[in-house]
Protein chains: 2
Amino acid sequence: MQPSKAGARRVTLRDIAREAGVSINTVSRALNGKPDVSEATRALVQAVAAQLDYRPNQVARGLRQQKTATLGVVLADLANPFFAEVAEGIERTAATEGYSIILANSEERQSREQQAVETLVERQVDGILITPTQRSEETIRYLMHRHVPCVLVARYFENLDVPAVVNDDREGSRLAVGHLVQRGHRDILYLNGPPYTSSARLRLQGYRDALEAAGIPFRPSMVINTDARSSGGYAAIQQALAAGIEFTAVACFSDYVGFGAIRALRQAKLRIPEDVAVIGYDDIDLAAIVEPALSTVHIAKTRLGQVAAHMLLGMIGRSAQERRHPGITVLPPQLVIREST
Amino acid sequence: MQPSKAGARRVTLRDIAREAGVSINTVSRALNGKPDVSEATRALVQAVAAQLDYRPNQVARGLRQQKTATLGVVLADLANPFFAEVAEGIERTAATEGYSIILANSEERQSREQQAVETLVERQVDGILITPTQRSEETIRYLMHRHVPCVLVARYFENLDVPAVVNDDREGSRLAVGHLVQRGHRDILYLNGPPYTSSARLRLQGYRDALEAAGIPFRPSMVINTDARSSGGYAAIQQALAAGIEFTAVACFSDYVGFGAIRALRQAKLRIPEDVAVIGYDDIDLAAIVEPALSTVHIAKTRLGQVAAHMLLGMIGRSAQERRHPGITVLPPQLVIREST
DNA sequence: TTGTATGCGTTATCAC
DNA sequence: GTGATAACGCATACAA
């Protein structure tokens, strides 16, 4: 018997059944380790299945069982190492638990996010992990309305009762700025991220907390909004320098912003950390590699993904009504002091 | 009528049919824009569908049509910005063409790669994009044997007739090293990547090409193998320094390796580029941001993904026999000179 | 123009 | 233990 000629139809349970001389569902139960099937026939069926190189059709199985063993993942920016690492964590635990992931990239755009979520629903994913754009709550409400298990990652909505796994952004930022204060800095610039994200708002709040704790008055002129890209950090520093703002340290929304800031600072012939200290946030792996190595706040990014995936899997396990909200899990950030402060 | 109570069953064609007072397949053709359905009933059906917030079940559709509109993507290292950007390109064109992607991460391990591919086959993906670990050809052969359309990305097998989209690694490396030569360097260290990958082998070859073109004898002692991580670049430089190898420039397998090299060089109080020039490969976005900005070879990573996805989609369009191999597409690299050379 | 019947590959519910 | 039979939701060949 020639296995799979050109354009060969895929082998199904029916083929095995015919070959083994048993019924189609005996094959099914034999292969799925169900009871009530003699060891003899089970062995026979398994042998035939192996010989024919049988692979179960998960699409058919998904239709029948109303369960696809698939998780939807929609990320705000796949090209950003932060999200890529989160994705890595998600993928790993999903794979370990026998789930596949369908990945979508919203590129921080509400329309793409909405589109992605609708596609995932149509594809009957068992649950969705999402780093929301936060430009609108619509998408999340839609998911809740359709009773699709959902966990927010890295960002969350204060006014929406949806499970989430986040880093303690406020605390992390407080740590970072507190560190600067401890080093004797009082004129600390803050390069903020997109204010529509919970992470940006909370990190800004942490900055204020740290100032307040040190008795340093908060000055709105010391915070500059950026787009969270390194070019944003670069532009912000140039802007601050041009405006004649005096500062000896700069705390950044992210490492990327920090890299841009460092670049602008250096071009202005300022030494780091002697003239100006710089601290980032996220601790992407390049932060440790760059010269000077960037002080920052470590987020366990892979872990974030893993924890979120486990939480979602837990929700999927139980039925709709007993599916109590697991609430918000907050992972502790960690200050990492390197060379830039 | 209350749309979706708690634990509501999903609305199907049958529900629309009942509500609209027509048959189930009239609904199907009305919704799918098929001909032979009066405009009146089509309008009615669409109205009812909208009112019930109907979403087609793509799993059922996939089973019926033997086509899932899904692409499998298996990446060697999701956390690596290079692959993340490739993934971004793939995802974007897939989404544009109405396809979803199931993402798997092989982490450069043969066992995970094999596992991933088998899962994708079971899930009936219409085709697979893969950056092979190249530790074994087994996986690819398996795919060919099963007649699953497949395109290799960024790496390829010289002895296997499989479509691929790659960067011209040999030419890119030749460009990079040629640039170093032109700057007057003759003692050029080469930090090699994992030799089992086609990209590493070809880039090493490009290094030799450039030396030969300049009449500089190749010395095996000038090439040091690394694991392609920045720590590898760091260690390689330390090793070279300790061994007393003399060099005025170092060409690297990747930007990551270059970053590590720069770090080691600086710790040894060597100035860049005055004492030692460094050039990378890939042009990940951080290369431009870092101080000194890294000279490198640009690969159109997103484009790589887009082209590969389009090629795969083209293969999926045609039937198995008329599906001639589209061959190997080679994208031109581009030398980017910044501050490190 | 519309409805009926069948099947995609699988699992589950029943008889035997 | 095992085997018919139905059903998951949809699309299609065919009948009306």
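Convention: sequence-line order gives letters A, B, ...; per-chain numbering from 1. The figures here come from the full heavy-atom set of this structure, side chains too, leaving out hydrogens, waters and symmetry mates.
Within the 4.0 angstrom heavy-atom criterion, only backbone atoms of the sugar-phosphate kind lie near A/P56; the bases stay farther away.
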### Stepwise salt bridge (Lys or Arg N to Asp or Glu O under 4.0 Å) test for A/R42 and A/E39
CA-CA 5 Å; A/R42 188 188 300 275; A/E39 280 315 308; 3.5 Å; yes
### Task
Verify side chain to side chain donor-acceptor pair (under 3.5 Å) between B/T139 and B/Q114, making sure each step is shown before the conclusion.
CA-CA 6 Å; B/T139 311; B/Q114 181 68 31; 3.1 Å; yes
Strictly under 3.5 Å: I want the nitrogen or oxygen pairs between protein and nucleotides 13-16 of chain C, one per line.
none

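OP1 or OP2 of D/dC8 has not a single side-chain nitrogen or oxygen of B/T12 nearer than 4.0 Å. Listed pair A/S38 / D/dG1 fails the phosphate criterion, with no side-chain N or O lying under 4.0 Å from OP1 or OP2. A sub-4.0 Å separation between OP1 or OP2 of D/dG3 and a side-chain N or O of A/S23 is present. In this structure, B/K34 reaches the D/dT12 phosphate: one of its side-chain N or O atoms is under 4.0 Å from OP1 or OP2. The shortest distance between the side-chain N/O atoms of B/Q66 and the OP1/OP2 oxygens of C/dG9 is below 4.0 Å.
You'll find that the side chain of A/N57 is closest to C/dG9, out of C/dG9, C/dT2, D/dG9. Nearest to the side chain of A/N32, among C/dG9, D/dG3, C/dT11, sits C/dT11.
Along DNA chain D, the nucleotide closest to A/V37 and the one closest to B/S28 are compared, and the more 5′ of them pairs with A/V37. With the nearest nucleotide of DNA chain C identified for both B/I24 and A/Y54, B/I24 has the one nearer the 5' end.
For B/R303, the CZ atom sits in a loose shell: 12 or fewer heavy atoms of surrounding residues, nucleotides or ligands are nearer than 6.0 Å. Remark: B/E138 CD is loosely packed, at most 12 non-hydrogen atoms of other residues, nucleotides or ligands lying under 6.0 Å away.
Between A/V153 and the options A/L129, A/V74, A/I130, a side chain to side chain contact (heavy atoms under 4.5 Å, CB included) holds for only A/L129.
Remark: the A/R64 side chain and the C/dT11 base include a donor-acceptor N/O pair separated by less than 3.5 Å.
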